[in-house]
**Q** 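One structure is given below, represented as structure tokens, and several questions about it will come after.
Values reported hereafter were calculated over all heavy atoms of this structure, with side chains retained and with hydrogens, waters and symmetry mates removed. Just so you know, ligand 1 is whichever comes first in the structure, and atom 1 is the first atom listed for that ligand.
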Amino acid sequence: MTSSLETVGNGEDVTTQIRDIRAAQPGNLMARYFDEAYYCSLDEAKRERLHKIIRSGIENPDSQMGAYAQYCTDYEDFEPLLEPMIRDYHNISDDRLIAQEHDWATPTSGYNLEGVDARLKDVSMRVRVGRNIGAFPLPGAMTKSSRLEFETLLIEAFSVLMEDPEFGGEYLSLTPGSSCEIDEETYRRRIEAHQMFKDMSGDPYLESGGISSDWPYGRGMYISGSQDFIVWVGEEDHLRVMSMKRGSDLSALFSRLHGGLETLAKLIPDFAHSERYGYSTSCPTNLGSAMRASLHLPLPNLTKEGRDLEHVKETALDLSLAVRGVGGEHSEAGEGGIVDISPRARLGVTEAEIMQCLYEGSVALWSLENAN
Ligand code: ARG
């Protein structure tokens with residue numbers, strides 16, 4: 001008989017379930033690297049912890065990664081499983097050391113797209129980093145009360161930002177009954193403006209990872225007066241800190257994020273970080289710099305008016321860029337072939353290298369788009 005710790009969902013043995021997933025979904029990295037002998041070597045308490053980490057990949061066999069850390073320490077505690085998954089996803093071969101360095105020094109005005117082509121003067125640009133605080137469980141393991149406690153801590157920090165003329169702005173809470181609570185209509189408008197995150201309770205991956213539980217308690221967003229510096233509270237990571245602008249100056253976007261992040265970091269407990277994996281994130285895909293920098297480019301030729309995302313994905317891959325639709329992860333290209341492009345790498349590259357890759361890659365894609 002199997003113990004209850006080894007059973008999930010339909011009651012099948014975890015190892016059997018994962019064996020089936022591995023055969024049916026070779027892309028699921030959790031299933032690919034799950035090692036039965038390792039799993040069996042763990043005591044019951046650790047097995048239970050590991051099971052929570054990989055639950056998303058079991059319940060969603062089409063997962064690419066298939067795991068969400070529940071505590072920042074999971075990356076060390078479950079290294080025998082997580083490290084091979086991380087190496088595979090981030091393309092770091094076994095003989096290379098994993099080490100994350102940080103460097104925010106970029107040319108102060110070098111990355112201006114308008115200088116490349118006047119048609120690129122009004123591009124939608126966004127750069128974000130994920131940050132978590134070691135004193136709290138990661139979002140997947142938070143209880144309703146820890147979510148509320150976390151939000152209260154952040155509201156205090158934001159009140160300092162709001163007094164600062166460089167930031168100003170407001171905090172918009174989704175927590176029912178909060179003194180900062182916003183109404184449905186305001187929430188809808190902020191989503192439409194791509195400022196606020198969507199209702200997470202509809203995402204099956206996040207749900208299995210425990211990340212969307214107690215929705216919408218403890219969730220909210222700080223937004224600066226100039227609307228270009230935003231902090232999400234209680235999404236996939238404790239914090240998603242970002243800068244958003246329309247324009248052409250990627251350097252200005254980047255320095256707005258960096259300045260805001262440094263100011264914020266002085267107001268709250270330390271961000272969880274390790275020498276090897278960089279900033280701890282819920283999803284192993286985001287480790288390292290935890291940074292995603294993106295912009296929207298109209299590529300009607302390369303996408304054949306938005307119908308053929310696959311072809312442009314391949315072209316972009318050679319430039320180390322990922323392509324998605326403009327409606328976020330798993331969305332289609334927008335009207336006129338508008339796509340979202342961003343450097344693929346997060347771990348083992350510095351912040352400055354990510355910006356350089358975005359700038360140079362966009363310029364290269366743009367010239368392919370406009371060739372003959
Ligand atoms: N859990 C999903 C998977 O394994 C999402 C991975 C990346 N996306 C993300 N938002 N973290 O496929």
**Q** Which protein heavy atom lies closest to atom 1 (N) of ligand 1, and at what distance to 0.1 Å?
**A** Tyr68 OH, 2.8 Å
**Q** Report the residue from Arg190, Arg188, Arg189 that forms a side-chain hydrogen bond (donor to acceptor under 3.5 Å, both in side chains) with Glu192.
**A**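 Passing option: Arg188.
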**Q** Parallel, tilted or perpendicular for His258 and Trp104, by the 30°/60° rule?
**A** parallel
**Q** Would you mind checking which non-hydrogen protein atom is closest to atom 3 (C) of ligand 1, with the distance to 0.1 Å?
**A**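 Going atom by atom, the protein heavy atom closest to atom 3 (C) of ligand 1 ends up being Gln64 N, 3.4 Å.
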**Q** Select one of side chain, backbone, both or neither to describe which atoms of Cys283 lie under 4.0 Å from any atom of ligand 1, heavy atoms only.
**A**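 It is the side chain that touches ligand 1; the backbone stays farther off.
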**Q** Name the orientation class of the two ring planes belonging to Tyr222 and Phe158 (parallel below 30°, tilted from 30 to 60°, perpendicular beyond 60°).
**A** parallel
**Q** Can you tell me which residue and heavy atom of the protein come closest to atom 8 (N) of ligand 1, and the distance to 0.1 Å?
**A**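 Among all protein heavy atoms, the one nearest atom 8 (N) of ligand 1 is Glu329 OE2, 2.7 Å.
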**Q** Evaluate the side-chain proximity of Arg292 to Arg346: yes if any heavy-atom separation is below 4.5 Å, no if none is.
**A** yes
**Q** Which ligand 1 atoms, with their elements, are less than 4.0 angstrom from a heavy-atom of Met65?
**A** 3 (C), 4 (O), 12 (O)
**Q** Which of the numbered atoms in ligand 1 are below 4.0 angstrom from a heavy atom of Gly66?
**A** 4 (O)
**Q** Angle class for the Tyr279/Phe271 ring planes (parallel below 30°, perpendicular above 60°, tilted otherwise)?
**A**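 The rings of Tyr279 and Phe271 stand perpendicular, inter-plane angle above 60°.
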**Q** Only heavy atoms count here, so choose which of Glu236, Glu235, Met30 is nearest to atom 11 (N) of ligand 1.
**A** Glu236
**Q** Below 4.0 angstrom from a heavy atom of Thr285, which ligand 1 atoms are there? Numbered from 1 as shown, please.
**A**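 Reading through ligand 1 atom by atom, the close ones are 7 (C), 11 (N).
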**Q** According to the interplanar angle, ranging from 0 to 90°, do the rings of His238 and Phe150 count as parallel (below 30°), tilted (30 to 60°) or perpendicular (above 60°)?
**A** tilted
